[in-house]
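In the text below, chain A, chain B and the rest are named by the order of the sequence lines, each starting its count at 1.
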Number of protein chains: 2
Amino acid sequence: MQGANDEVRVKLGDPAGRARRPRADAVRNRERVLEAAKVVFSQGGESASLEAVAREAGVGIGTLYRHFPTREALFEAVYRREVEQLVDLVQVLKAEASPAEALRLWLRANVAFVATKKGMLAALALATQKNPDLMAYSSDRLTRAVGELLARGVSTGEIRDDIGPEDVLRALIGMCYAQERPDWQASVLRLLDVFVDGLRKPGRPAA
Amino acid sequence: MQGANDEVRVKLGDPAGRARRPRADAVRNRERVLEAAKVVFSQGGESASLEAVAREAGVGIGTLYRHFPTREALFEAVYRREVEQLVDLVQVLKAEASPAEALRLWLRANVAFVATKKGMLAALALATQKNPDLMAYSSDRLTRAVGELLARGVSTGEIRDDIGPEDVLRALIGMCYAQERPDWQASVLRLLDVFVDGLRKPGRPAA
DNA sequence: CTTGCAAACGGAGGCACCCTCCATATTCTA
DNA sequence: TAGAATATGGAGGGTGCCTCCGTTTGCAAG
């Protein structure tokens, strides 16, 4: 029923027997859609229509759905890229500041990062609620990231040891959601200072 | 131009000369829609259709729109009721606990309250971003509420004086948004403890 | 009670968006 | 260069949003 026809796949230089490599136009269009989605979502958030994304990308709506079968799939792909940037920042800070200070700086960097993506945040709140896997990924990446900063502080005795990286992350993400006032950034920065002070071990006052 | 005809209005017992009182069925239907919306939004969040709300309420879609011209207006009306309950709680706690402890308890009560309304939270995030007035109302009410608790602590010297009620509220609301894990409540409660510790004046260790 | 009308009702209809499907076009391998 | 595999894109059926207006209902005066 299927003997000789398998040659086609075997000949393509993929030892695992997978299909041929993706076509060039498919790769290009996938990239275009991602780029367009980043722009459109940043402005209009969840309410932005996928047809607007396709239009912005210069592809048909069918092509968009071929690459990203659901709204969540597209959103997730866009979001993953953003997370990587934050993860990479940790290594830089570890080399440049003391444990508690590096933690504070990383948290502050997150605030600045978030500030440029207003439209995406409400959408993210929805997406993570509907699709736990998306949160699992970013949680994992960011938890490890902040975990490195935290562990360093614990090992030097500068930071208390009964708060985990998940807790810190929750506080950060949470605070940034409430961004309605003109001065929200200043408020979040103050809150982060209070929070980091609270994280210091008792008997080691902040100033 | 308008002499004798005003009698109709004057007779209705409204000194300001407003129109006659609303019809009974209008009042009843408005109530039904609000009740239905509370149910439907709590389940499906923002994605729930307004036509589903109308169906649940047993009224026509037109009637729903007559009372609440936009999705936001309906959502806002539902939300206002919820806020009142939290505001009222403050008076109870003020009578029952020390300043910092009352603050801690009130924040914890919020967590429990939020826990029953998962579906509405993401919707709320969207609504407040689109409609600043909704946030203005709840912010105002809740800020005053937490402000009472906070001021009491500041006056007794138990709580530092450089953090405003807005900041506390932001921390609370923010933390509660990140509710994806099974144990999110425990995490938020731990965070609140850290936060309240951070609020205590230096030189007054927590335990 | 009945009459008249302002107020409220409710759903049909036009529009935008969601997503699927498939005839056509493009790329890749041999 | 040919032909098969792969990708494209937009038409179309379905659903929800919101408006508009003919019909119904409650209210107050007679």
Side-chain angles (χ1 to χ4, degrees), chain A residues 2 4-14 17-34 36-37 40-41 44-75 123 126-127 130, chain B residues 4-14 17-34 36-37 40-41 43-75 123 126-127 130:
Chain A
Q2 48 178 220
N5 289 350
D6 286 341
E7 287 181 13
V8 177
R9 298 176 175 218
V10 172
K11 282 180 181 172
L12 290 173
D14 188 324
R18 270 194 308 140
R20 72 181 67 180
R21 72 164 172 275
R23 263 169 53 173
D25 55 346
V27 173
R28 177 168 37 77
N29 279 332
R30 187 188 158 89
E31 199 58 31
R32 280 187 188 173
V33 170
L34 275 175
V40 172
F41 284 157
E46 177 78 352
S47 58
S49 82
L50 295 188
E51 297 189 339
V53 172
R55 232 174 291 130
E56 169 85 16
V59 305
I61 186 65
T63 298
L64 185 151
Y65 275 96
R66 158 172 290 268
H67 289 295
F68 306 99
T70 68
R71 170 182 291 270
E72 280 70 33
L74 174 55
F75 195 87
L126 280 175
K130 287 177 185 168
Chain B
N5 288 351
D6 285 343
E7 285 180 14
V8 177
R9 298 174 176 215
V10 171
K11 280 181 184 174
L12 291 174
D14 190 327
R18 272 195 306 141
R20 73 181 66 182
R21 71 165 173 276
R23 266 170 51 171
D25 56 346
V27 172
R28 178 168 37 77
N29 279 333
R30 188 189 158 88
E31 199 58 31
R32 280 187 187 173
V33 170
L34 275 175
V40 173
F41 283 157
Q43 292 168 356
E46 177 79 353
S47 58
S49 81
L50 294 189
E51 297 187 341
V53 172
R55 232 176 290 129
E56 168 86 15
V59 304
I61 185 66
T63 299
L64 186 150
Y65 275 96
R66 160 173 291 269
H67 288 295
F68 306 99
T70 67
R71 170 183 290 271
E72 280 70 33
L74 174 56
F75 195 88
L126 280 176
K130 288 177 185 168

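In this structure, A:Leu50 places its CG atom 15 Å from C1' of D:dG9, rounding to the nearest Å. B:Leu74 has its CG atom 11 Å from the P atom of D:dC17, to the nearest Å. Here D:dC17 presents its P atom at 12 Å from CD of B:Glu72, a figure rounded to the nearest Å. With rounding to whole Å, A:Leu64 atom CG is found 15 Å from D:dA7 atom P. One interatomic measurement links the two molecules: CZ of A:Arg21 to C1' of D:dA5, which rounds to 14 Å at whole-angstrom precision. Remark: C1' of C:dC18 and CZ of A:Phe68 are 17 Å apart, rounded to the nearest angstrom. Between the P atom of C:dA16 and the CZ atom of A:Arg55 lies a distance of 10 Å, rounded to the nearest Å.
Of all the heavy atoms in B:Ala52 and B:Val40, the pair that sits closest is O-CG2, 4.5 Å. Taking each heavy atom of B:Ala36 and B:Val53 in turn, the nearest pair found is CB-O, 3.7 Å. Contact record, B:Ala54 with B:Leu64: N-CD1, 3.8 Å, taken as the closest heavy-atom pair.
When side chains are defined from C-beta on, A:Arg32 counts as touching A:Asn29, because their heavy atoms get closer than 4.5 Å. For the pair B:Phe68 and B:Leu50, the minimum side-chain heavy-atom distance is 4.5 Å or more.
Checking C:dC19, D:dC17, D:dG9 against every side-chain atom of A:Tyr65, the shortest atom distance belongs to C:dC19.
Side-chain nitrogen and oxygen atoms of B:Thr63 include at least one within less than 4.0 Å of the OP1 or OP2 phosphate oxygen of C:dG10. At C:dA8, none of the side-chain N or O atoms of B:His67 fall inside 4.0 Å of OP1 or OP2 (strictly under the cut-off). Contact check, A:Arg71 against C:dC18: a side-chain N or O comes under 4.0 Å of OP1 or OP2.
Contact check of residues 24-33 of chain B against DNA chain D (heavy atom, cut-off under 4.0 Å) returns B:Ala24, B:Asp25.
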Dump the pairs, protein N or O against N or O of nucleotides 11-13 of chain D, anything under 3.5 Å, distances to one decimal.
none

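With rounding to the nearest 0.5 angstrom, the CD atom of B:Glu31 is 10.5 Å from the NE2 atom of B:His67. Distance check, rounded to the nearest 0.5 Å: CZ of A:Phe41 to CZ of A:Arg71 gives 5.5 Å. To the nearest 0.5 Å, the span separating CZ on B:Arg55 from CD1 on B:Ile61 amounts to 9.0 Å.
Base-pairing analysis of DNA chain C finds the following stems of at least three consecutive Watson-Crick or G-U pairs, with both pairing distances under 3.5 Å: C:1-30 with D:1-30.
No hydrogens or angles were tested; on distance alone, nothing pairs the side chain of A:Arg23 with the base of D:dA7 as donor and acceptor under 3.5 Å.
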